[in-house]
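Worth saying up front: this structure is predicted, and the values here are computed from it rather than measured.
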Amino acid sequence: MQELHEGALDLNLLSALDALLLERNVTRAAARVGLTQSAMSHKLRRLRELFGDDLLVGGRQGMVPTERALALAGPVRRGLLELHSAIRSTAPFDPATARRDFTVISSDYADFVILPRVLEHLSRHAPGIGIRMRPPAGSIHQALEDGSADLVMGMPVEGSGLKQRVVFEESFVVILRPGHPALAEGDASIPLSRYVELGHVMVSANDEPGVVDRELEACGLSRRVVLRTPYFVGVPFIVARSELVATIPRALAEEAATLVPLRILPPPLPLRSFRVMMTWHERSHRDPGHEWLRELSRRLTVEALA
């Protein structure tokens, strides 16, 4: 292996290497850092010469990193992120003129309750700020650590190097359509005995019992789950057009009630409230732009749900 002279590596080459290892495609890597495809191909040749390794080779589904490239990927990504964070922490941030994208991992609950308020504010007051959404798939901790995500909204994430803040405290309500035969027009609540007889929509990604089922079991009762879905967002629309009922977070129910006709009632059994969280990596903690986005998301949500 040829000796690598560190002075031969500049920030542009390291940025190109980072983009190539993230995208594993020359064209996409070029677009990521604002280069032409030919310029990125030239940088890849230069990197191969400097490291004495192919770094990326052809595979069945695109370019595949070599063992040397895999060993470089983490340190290069972390080093660039630390550098960018240090630069941003000393630079003023004006949301009205800033041009920056943030990548947010969120549950569909947060998509429905939190992000629309944030995006409405951005369109009016920070037009150069963009949001890229990512589903909560794979290792969320890894995404925050390697910088492929900036912020997680709506779900708790545990792991070293992470910071969290409570956005607000959420409670549960029962929803059903207006005119549902289980409830008279003037009724302000639904009896527990009637509640368990009805068909329910349950939000769950697996077959495990939910918070409602555990509380019912403690009372020696069970409910009839007619529909199990992994997504919150569709539930109010299903309930509004059926004889089913659902027990969902209050903020989601109240937001959905502005779009479809719903009756919102207190649950007929005690259900614990839960905290809606936002999580980020400590590397971004004092980044002025990141601080602004976190505070904006929290403030707008609390104001709307107070």
Side-chain angles (χ1 to χ4, degrees), residues 11 14-15 17-19 21-22 32-33 72-107 109-111 113-123 125-170 251 274-306:
L11 184 58
L14 288 175
S15 296
L17 177 59
D18 179 55
L21 294 176
L22 286 171
R32 188 182 186 95
V33 296
L72 289 166
V76 168
R77 174 109 278 252
R78 288 191 294 272
L80 288 172
L81 287 170
E82 292 291 346
L83 177 59
H84 292 158
S85 180
I87 293 172
R88 285 171 175 161
S89 67
T90 59
F93 179 80
D94 179 2
T97 58
R99 300 192 63 83
R100 183 172 173 185
D101 288 338
F102 293 93
T103 300
V104 177
I105 294 176
S106 100
S107 62
Y109 167 84
D111 289 350
V113 174
I114 300 175
L115 286 171
R117 295 178 170 87
V118 174
L119 293 172
E120 181 182 13
H121 182 93
L122 296 185
S123 66
H125 305 289
I129 303 297
I131 304 290
R132 297 174 180 170
M133 299 304 304
R134 279 188 52 180
S139 173
I140 297 176
H141 178 269
Q142 179 65 36
L144 290 170
E145 188 174 64
D146 67 22
S148 54
D150 295 297
L151 190 63
V152 176
M153 287 186 179
M155 69 201 79
V157 184
E158 301 298 331
S160 61
L162 301 184
K163 291 185 175 293
Q164 289 189 335
R165 184 174 185 181
V166 177
V167 181
F168 65 101
E169 193 88 13
E170 178 64 290
F274 64 95
R275 291 176 171 180
V276 177
M277 310 292 293
M278 65 171 62
T279 308
W280 62 97
H281 196 273
E282 61 184 3
R283 176 184 53 254
S284 305
H285 186 59
R286 301 201 181 280
D287 177 332
H290 204 286
E291 286 186 88
W292 171 82
L293 179 65
R294 298 194 308 263
E295 178 55 28
L296 175 71
S297 302
R298 188 203 64 79
R299 177 175 57 80
L300 292 178
T301 304
V302 170
E303 289 175 359
L305 302 179

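Side-chain atoms of E170 and V113, non-hydrogen and from C-beta on, never get closer than 4.5 Å to each other. Inter-residue side-chain proximity for L144 and I105 is flagged as unmet; no heavy-atom pair is nearer than 4.5 Å. No side-chain heavy atom of I114 sits under 4.5 Å from any side-chain heavy atom of S106.
R32 and A19 get closest at one heavy-atom pair: CD-CB, 4.0 Å. The two residues A251 and Y109 come nearest to each other via the heavy atoms CB-OH, 3.8 Å.
For residues 114-123, the salt bridge (charged side-chain N to carboxylate O under 4.0 Å, His left out) pairs, not counting sequence neighbours, are R117-E255, E120-R124.
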If you look only at distance, which donor and acceptor atoms sit under 3.5 Å apart when one is on a side chain in residues 154-168 and the other is two or more places apart or in another chain?
| from | atom 1 | to | atom 2 | distance (Å) |
| --- | --- | --- | --- | --- |
| Q164 | NE2 | V157 | O | 2.7 |
| Q164 | NE2 | T279 | OG1 | 3.1 |
| R165 | NH1 | E295 | OE1 | 3.1 |

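The environment of CZ in R299 is crowded: more than 12 heavy-atom neighbours from other residues, nucleotides or ligands sit within 6.0 Å.
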Apply side chain to side chain contact (heavy atoms under 4.5 Å, CB included) to the pair D18 and V33, showing each step before the final yes or no.
-> CA-CA 10 Å; D18 179 55; V33 296; over 6 Å; no

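Taking CE of M133 as the reference point, atom CG of L119 lies at 8.0 Å (rounded to 0.5 Å). Separation of atoms CG (D101) and CD1 (I129) is listed at 8.0 Å; rounding is to 0.5 Å. Summarising the geometry, atom CG belonging to L122 is positioned 7.5 Å from atom CG belonging to L293; distances are rounded to the nearest 0.5 Å. One finds the NE2 atom of H285 at 6.5 Å from the CD atom of E291 (value rounded to the nearest 0.5 Å). Residue R132 holds its CZ atom at 11.0 Å from OG of S148, rounded to the nearest 0.5 Å. For the atom pair H121 NE2 and L296 CG, the distance stands at 4.5 Å (nearest 0.5 Å).
D146 and R77 are not joined by a salt bridge, as no carboxylate oxygen comes within less than 4.0 angstrom of a charged side-chain nitrogen.
In this structure a side-chain-to-backbone donor-acceptor pair under 3.5 Å is missing from D150 to V104.
Note on ring orientation: taking the six-membered ring where Trp is involved, the planes of H290 and F102 are perpendicular (angle over 60°, cut-offs 30° and 60°).
No side-chain N or O of S284 forms a donor-acceptor pair with one of R294 less than 3.5 Å apart.
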